[in-house]
J.: 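Handing you a structure now.
Everything numeric in this text was worked out from a predicted model, so none of it was measured. Proteins get letters first, then strands, A, B, ... in listed order; numbering begins at 1 in each.
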Amino acid sequence: MDGFAGFEVAGAGYINARLDRALAVQNVVHAEGRPPSAQDHVLVEHTSINPNKAAHIGHLRNAILGDTFVRLLRAAGFQVDVQNYIDNTGVQVADVVVGFLHLLKLSPDEVRTLVPATDRLFRGGGQKGIDYYCWDLYARTSQWYEQGGEEEKAARKQIRLDTLHQIEQGNNETAAVAELISTAVLRRHLETMQRLDIEYDFLPRESEILHLKFWEAAFEQLKRTGVLYFETEGKNKGCWVMSRAGSSTDSVQNASGPEDDDGPKGPEAADEDAKVIVRSNGTVTYVGKDIAYHLWKFGLLGRDFGYKPFFQYPDHTCWISAEHGEADHPHFGGATAIYNVIDARQSDPQANVIQALRGMGYTDQADHYTHFSYEMVALTPRCAEELGYRVSDEDREKPYIEVSGRKGLGVKADDLIDKLIAATRAEVDARQTGSDEAERQKIAAQIAIGALRYFMLKYTRNSVIAFDFKDALSFEGETGPYIQYAVVRTRNIFRKGGTTPEAALAEFASQHANLNAFFTGEENEDIWALWLRAGRFSLVLEQCIAASEPAFLAKHAFQLAQEFANFYHRHHILTEEDPRRKTFLLATAAVALRELVRSLDLLGIESPEAM
RNA sequence: GCGCCCGUAGCUCAGCUGGAUAGAGCGAAUGCCUCCGGAGCAUUAGGUCGGGAGUUCGAAUCUCUCCGGGCGCACCA
């Protein structure tokens, strides 16, 4: 059989097939990164931080997972749009607005001068800005609601509710203040993520979903298809409701309404478990708005956002939704497949949206709707204490403590990045004595980002990360810097050897001698293993996408680096005397380098020239 | 009460569609720079894969059940 050197019966029901190593090696040498051209238009939504406070480590996991997955999809040939959904009209934004207007008792005009001034002031010291200011204010406001007598508390809750309604409604002073704050915080989020090489194409906002009447269009479709029905009995009387995913009266079988389901409840019994979409007061719930938004994503709504440019990256523009957009704009939405990077706690509402699409007859879209879920980043009790948080005896016994913006408990993204850069900079200073200031800082940042991204990617999605500075600040063992170090050492070989990886590979491939000889024998088994793994890239990429699991690639890159490090120590390349064997060893290093750089690139980790 | 996730070495985790002797990293112990960078390499110690039953020639992996831990189950967003 082609490609195989032989077969043998091995017992226990096994047949060992032996690869023709020379042939396999030729395949690896010539494996160019030719992406298959998948025509699908894929939409990935990630980050989606409430624009009322600084980003924290939980948001970092979301953004890094999402961004990496985008890179994987693009490498596989998909056309991908990256969206960051902005809930600028929700309670969280309302809470900081309450903080400014009612706790700090500022007038809208005062807020208008204070926000930009504070942003500049805070940022003067480093990467901090209005998002940091709001972090504290949000926590204070949350406490403020709980303080005072019963009457006072009720009054404050009423202020909160009124503020929320005014923001949702728009066209008033409170809404203008909310817009000002949320936009300023949003800018900070984009800047924070840019430090990690994370960019977006489009920022759809809740305010436009409301004002452009997305819900109204969706409501018609939902009523027409019978997914929503008007409840006349029970606790949900007066609401438009839908059956929940997995319930016995679910709307796929029962599309015309809550009919007789032969159950003991009888034909008139209300489905108490149904999900309310339109409240009895006529307002729409979160899931309702989300259904409308997802109809838009698939191009099924019959309406579109207006678009304005918002944020400029070196090589492209990020657009934001607007009520009255510009005439010339790129087209977003209308995807054939979507991925929503949202943490596992939201799987119920996500399932509801999918359920609604399916009920409306959009089975194909429902099948291509992926809730890319992941578990939260929590803090170890020790870490919470380090942050100055008072940990109760009960909490101290727990494996981890949940991050809480409301309580102001968490590690801010920029703080962590700063800490990482400071730590890598100290290492760089100790090693790169010849480099200048700018060069050192650049290297330190590359390593810091490599460490952070790898840290967030090495865990599989459904493992809770119990965050601890000790682990996150580690640069040894299974870390990003370990892999980057392998790259640096490989590059040094070629630099000192006066050749290039491309030349070494070409020379090796052109030797028509029996390549098999290089890959046989005890001392060459590790080299063969390295080549074998190097040839697995496209398979790993495929698995990552099929399972929506970037951690597979992180693992692959690490194992490759590990095998290279082993090879590096066992075989001294530049002093090899046999020229043909030297070429072979150089080609091995070239393949390792090519695959390491390629893998790191998809993980969003740079390959430094020195470190 | 219902649903989802987790339980593998002292600690943190891999183990993907069931396959041969269960793997990494950290931590511990011991070695390794006249030689391409020690953010490295090698060796050693450390496991009844939470318990039990079932399916199978074969189970960490599939099914059931029990025990621990976490997260969801609003006319909040």
J.: A/R205 side chain to A/I86 main-chain N or O, any donor-acceptor pair under 3.5 Å?
T.: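 Judged by distance alone, no pair lies under 3.5 Å.
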J.: Would you check if the side chain of A/D273 reaches a backbone N or O of A/R244 as a donor-acceptor pair within less than 3.5 Å?
T.: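 Absent.
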J.: Starting at atom NZ of A/K582, determine the distance to atom P of B/C36, rounded to an integer number of angstrom.
T.: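 Going from A/K582 (NZ) to B/C36 (P), I get 13 Å.
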J.: Could you tell me which nucleotide pairs with B/U34 by Watson-Crick or G-U wobble geometry, both distances under 3.5 Å, or answer none if nothing does?
T.: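 Base partner found: none.
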J.: Across the strands shown, which category fits A/F558 at heavy-atom distances under 4.0 angstrom: base, sugar-phosphate, nothing?
T.: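 Since only primed, P, OP1 and OP2 atoms lie under 4.0 Å of A/F558, the category is sugar-phosphate.
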J.: B/G72 and B/C66: how far apart are their P atoms, nearest whole angstrom?
T.: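 So the two P atoms sit 24 Å from each other.
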J.: I want to verify a distance call: between B/C73, B/G69, B/G72, whose nearest atom is closest to the A/R244 side chain?
T.: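 From the listed options, B/C73 comes nearest.
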J.: Can you tell me how far P of B/C5 sits from CG of A/D343, to the nearest Å?
T.: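 These atoms are roughly 15 Å apart.
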J.: Within the 4.0 Å heavy-atom criterion, would you say A/V241 contacts the bases, only the backbone, or no part of the nucleic acid?
T.: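 Nothing, no heavy atom under 4.0 Å.
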J.: Quickly work out the A/L473 CG to B/A39 C1' distance and round it to whole Å.
T.: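 After rounding, the reported distance stands at 14 Å.
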J.: Please report the interatomic distance OH(A/Y374) to CZ(A/R61), rounded to the nearest 0.5 Å.
T.: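 If we round to the nearest 0.5 Å, A/Y374:OH and A/R61:CZ are 8.0 Å apart.
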J.: At under 4.0 Å, does any side-chain N or O of A/R431 touch on OP1 or OP2 of B/A39?
T.: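 It does, given that an N or O in the side chain of A/R431 lies less than 4.0 Å from OP1 or OP2 of B/A39.
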J.: Over 60° means perpendicular and under 30° means parallel, so classify the ring planes of A/Y454 and A/F558, tilted if in between.
T.: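 Judged by the thresholds at 30° and 60°, the geometry between A/F558 and A/Y454 is tilted.
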J.: For A/D348 and B/A74, give me the distance from atom CG to atom P, rounded to whole Å.
T.: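 Between P of B/A74 and CG of A/D348: 9 Å.
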J.: Output yes when a side-chain donor or acceptor of A/Q432 lies under 3.5 Å from a complementary backbone atom of A/G434, and no otherwise.
T.: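 The answer is no, because no donor-acceptor pair under 3.5 Å joins these two groups.
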J.: If pairing requires Watson-Crick or G-U wobble contacts with both distances under 3.5 Å, which nucleotide is the partner of B/C4?
T.: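 Pairing partner: B/G70.
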J.: In whole angstrom, give the distance that lies between atom CD of A/E563 and atom P of B/C41.
T.: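 Interatomic distance, CD of A/E563 to P of B/C41: 12 Å.
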J.: Across the strands shown, which category fits A/A547 at heavy-atom distances under 4.0 angstrom: base, sugar-phosphate, nothing?
T.: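 No contact at all - A/A547 keeps every heavy atom at 4.0 Å or more from the nucleic acid.
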J.: Side-chain donor-acceptor pair under 3.5 Å between A/N492 and A/R495, yes or no?
T.: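 Yes, a side-chain donor-acceptor pair sits under 3.5 Å.
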J.: With a 4.0 Å cut-off on heavy atoms, is A/I277 in touch with a base, just the backbone sugar-phosphate, or nothing at all?
T.: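 The answer is nothing, as A/I277 stays clear of every strand by at least 4.0 Å.
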J.: Just compare B/C36, B/A39, B/G25 and give me whichever is closest to any side-chain atom of A/E478.
T.: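 Among the listed nucleotides, the one closest to the side chain of A/E478 is B/G25.
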J.: Do the ring planes of A/F219 and A/W215 sit parallel (below 30°), tilted (30 to 60°) or perpendicular (above 60°)?
T.: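 If you compare the ring of A/F219 with that of A/W215, the planes turn out parallel.
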J.: Within less than 4.0 Å of OP1 or OP2 of B/A77, is there a side-chain N or O belonging to A/R279?
T.: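 Result: yes.
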J.: Without hydrogens or angle criteria, can the side chains of A/D162 and A/Q158 be said to hold a donor-acceptor pair below 3.5 Å?
T.: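 Yes, A/Q158 and A/D162 have a side-chain donor paired with an acceptor closer than 3.5 Å.
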J.: Contact class for A/M611 vs. all strands (heavy atom < 4.0 Å): base, sugar-phosphate, or nothing?
T.: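 Since a base atom lies under 4.0 Å of A/M611, the category is base.
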J.: Taking only the C1' atom of each, what is the distance from B/U56 to B/G47 in whole angstrom?
T.: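 After rounding to an integer number of Å, I get 25 Å for this pair.
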J.: According to the 5.5 Å centroid and 30° plane-angle thresholds, does A/H572 stack upon the nucleobase of B/C36?
T.: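 According to the criterion (under 5.5 Å, under 30°), yes, A/H572 stacks.
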J.: Determine yes or no for a side-chain-to-main-chain donor-acceptor pair under 3.5 angstrom, with A/S280 supplying the side chain and A/C239 the backbone.
T.: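 The answer is no, because no donor-acceptor pair under 3.5 Å joins these two groups.
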J.: Which nucleotide wins on minimum distance to the side chain of A/Y459, given the candidates B/A77, B/C71, B/C13?
T.: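 Within the option list, the nearest is B/C13.
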J.: Quick one: are the ring centres of A/Y85 and A/Y293 less than 6.0 Å apart?
T.: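 Yes: the rings meet the under 6.0 Å criterion.
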J.: Over 60° means perpendicular and under 30° means parallel, so tell me whether A/H56 and A/W135 are parallel, tilted or perpendicular.
T.: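 A/H56 and A/W135: perpendicular rings.
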J.: Has the side chain of A/Q543 got a donor or acceptor atom sitting under 3.5 Å from an opposite partner on the base of B/C16?
T.: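 Yes, a donor-acceptor pair under 3.5 Å.
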J.: Which nucleotide in the list B/A74, B/C5, B/A39 gets nearest to the side chain of A/K275?
T.: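 Selected nucleotide: B/A74.
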J.: Between A/Y286 and B/A77, is there a contact of a side-chain N or O with OP1 or OP2 at under 4.0 Å?
T.: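 False: A/Y286 side-chain N/O out of range (4.0 Å or more) of B/A77 OP1/OP2.
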J.: Classify A/Q432 by what it touches in the nucleic acid, base, sugar-phosphate, or nothing, heavy-atom distance under 4.0 Å.
T.: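 It contacts base atoms.
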J.: Looking only at the side chain of A/Y485 (C-beta and beyond, no hydrogens), which of the listed nucleotides B/C41, B/C13, B/G38 gets closest?
T.: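 The closest nucleotide is B/G38.
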J.: Ignoring hydrogens and angles, are the base of B/C75 and the side chain of A/S280 linked by a donor-acceptor pair under 3.5 Å?
T.: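 Flag set: donor-acceptor pair detected.
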J.: Could you tell me whether A/N566 contacts a base, only the sugar-phosphate backbone, or nothing, with contacts defined as non-hydrogen atoms closer than 4.0 Å?
T.: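 Answer is sugar-phosphate: A/N566 comes under 4.0 Å of backbone atoms only.
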J.: Tell me what A/E549 touches on the nucleic acid: a base, only sugar-phosphate, or nothing, going by heavy atoms under 4.0 Å.
T.: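 Touches nothing.
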J.: Given the C1' atoms of B/U17 and B/A59, what is the spacing between them in whole Å?
T.: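 Here B/U17 and B/A59 have their C1' atoms 14 Å from each other.
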J.: Just to confirm, is there a sub-4.0 Å distance from OP1 or OP2 of B/C73 to any side-chain nitrogen or oxygen of A/R345?
T.: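 No, no such contact exists.
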J.: Which nucleotide in the set B/C26, B/A77, B/C36 lies at the smallest distance from any side-chain heavy atom of A/I493?
T.: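 Per side-chain heavy atoms of A/I493, the pick is B/C36.
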J.: Quantified in whole Å, what is the C1' atom distance between nucleotide B/U63 and nucleotide B/U55?
T.: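 Their C1' atoms lie roughly 7 Å apart.
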J.: Taking only N and O in the side chain of A/N236, is any of them less than 4.0 Å away from OP1 or OP2 of B/C75?
T.: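 True: A/N236 side-chain N/O within range (under 4.0 Å) of B/C75 OP1/OP2.
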J.: For B/C33, decide between syn and anti, treating a glycosidic angle within 90° of 0 as syn.
T.: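 B/C33: syn.
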J.: Touch check for A/K157, heavy atoms < 4.0 angstrom, all strands: base, sugar-phosphate only, or nothing?
T.: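 Counting heavy atoms under 4.0 Å across all strands, no contact is made by A/K157.
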J.: Report which part of the nucleic acid A/Q559 touches: base, sugar-phosphate, or nothing (heavy-atom distance under 4.0 Å, all strands).
T.: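 No contact.
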J.: Taking B/C13 as the reference, what is the distance to B/G54 when you measure between their C1' atoms (whole Å, please)?
T.: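 Nearest-Å result for B/G54 against B/C13 at atom C1': 30 Å.
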J.: Whole Å only: how far is the CD atom of A/E168 from the P atom of B/C76?
T.: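 That distance rounds to 11 Å.
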J.: A/Q562 has a side chain; which of B/A77, B/C36, B/A24 sits nearest to it?
T.: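 Comparing B/A77, B/C36, B/A24 against the side chain of A/Q562, the answer is B/A24.
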J.: When you measure from the side-chain N and O atoms of A/N462 to the phosphate of B/C6, is any distance below 4.0 Å, counting only OP1 and OP2?
T.: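 A/N462 to B/C6 OP1/OP2: side-chain N or O found under 4.0 Å.
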J.: When the P atoms of B/A14 and B/G46 are considered, how many whole Å apart are they?
T.: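 Those two atoms are separated by 25 Å.
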J.: For B/U43, what is the paired nucleotide under Watson-Crick or G-U wobble rules, both distances under 3.5 Å?
T.: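 By the stated definition (distances under 3.5 Å), B/A29 pairs with B/U43.
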J.: What contact category does A/N492 fall into here, base, sugar-phosphate, or nothing, at under 4.0 angstrom with non-hydrogen atoms?
T.: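 Base contact.
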J.: Please report the distance separating the P of B/U12 from the corresponding atom of B/C57, rounded so that it comes out in whole Å.
T.: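 Their P atoms lie roughly 39 Å apart.
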J.: Taking a pair as Watson-Crick or G-U wobble with both distances under 3.5 Å, which nucleotide is matched to B/U48?
T.: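 WC or wobble partner does not exist here.
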J.: Under 4.0 Å, heavy atoms only, any strand: does A/H556 hit a base, just the sugar-phosphate, or nothing?
T.: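 No contact.
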J.: Any side-chain N or O of A/K496 below 4.0 angstrom from OP1/OP2 of B/G37?
T.: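 So the side-chain polar atoms of A/K496 do come within 4.0 Å of the phosphate oxygens OP1 or OP2 of B/G37, strictly under.
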J.: Could you check how far OH of A/Y400 sits from P of B/C6, rounded to whole Å?
T.: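 One finds 12 Å between P of B/C6 and OH of A/Y400, rounded.
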J.: Measuring to OP1 and OP2 of B/C41, would you say a side-chain N or O of A/Y482 lies under 4.0 angstrom away?
T.: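 For B/C41, OP1/OP2 do have a side-chain N/O of A/Y482 under 4.0 Å.
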J.: Hunt down the Watson-Crick or G-U wobble partner of B/A24, both distances under 3.5 Å, from any strand shown, or write none.
T.: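 When the pairing criteria are applied, B/U12 turns out to be the nucleotide that pairs with B/A24.
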J.: Round to the nearest Å and state the distance from A/R382 atom CZ to B/U12 atom P.
T.: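 It works out to 12 Å between those atoms.
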J.: If you assign A/Q92 and A/F567 each to the RNA chain B nucleotide with the nearest heavy atom, which residue ends up on the more 5' nucleotide?
T.: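 Mapping each residue to its closest nucleotide by heavy atoms, the 5'-most match is A/F567.
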J.: For B/G54, give the paired nucleotide (Watson-Crick: N1-N3 plus N6-O4 or O6-N4; G-U: N1-O2 and O6-N3; both under 3.5 Å), or none.
T.: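 Paired with B/C62.
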J.: Using atom P in both nucleotides, what's the gap between B/G38 and B/A42 to the nearest angstrom?
T.: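 13 Å, rounded to whole Å.
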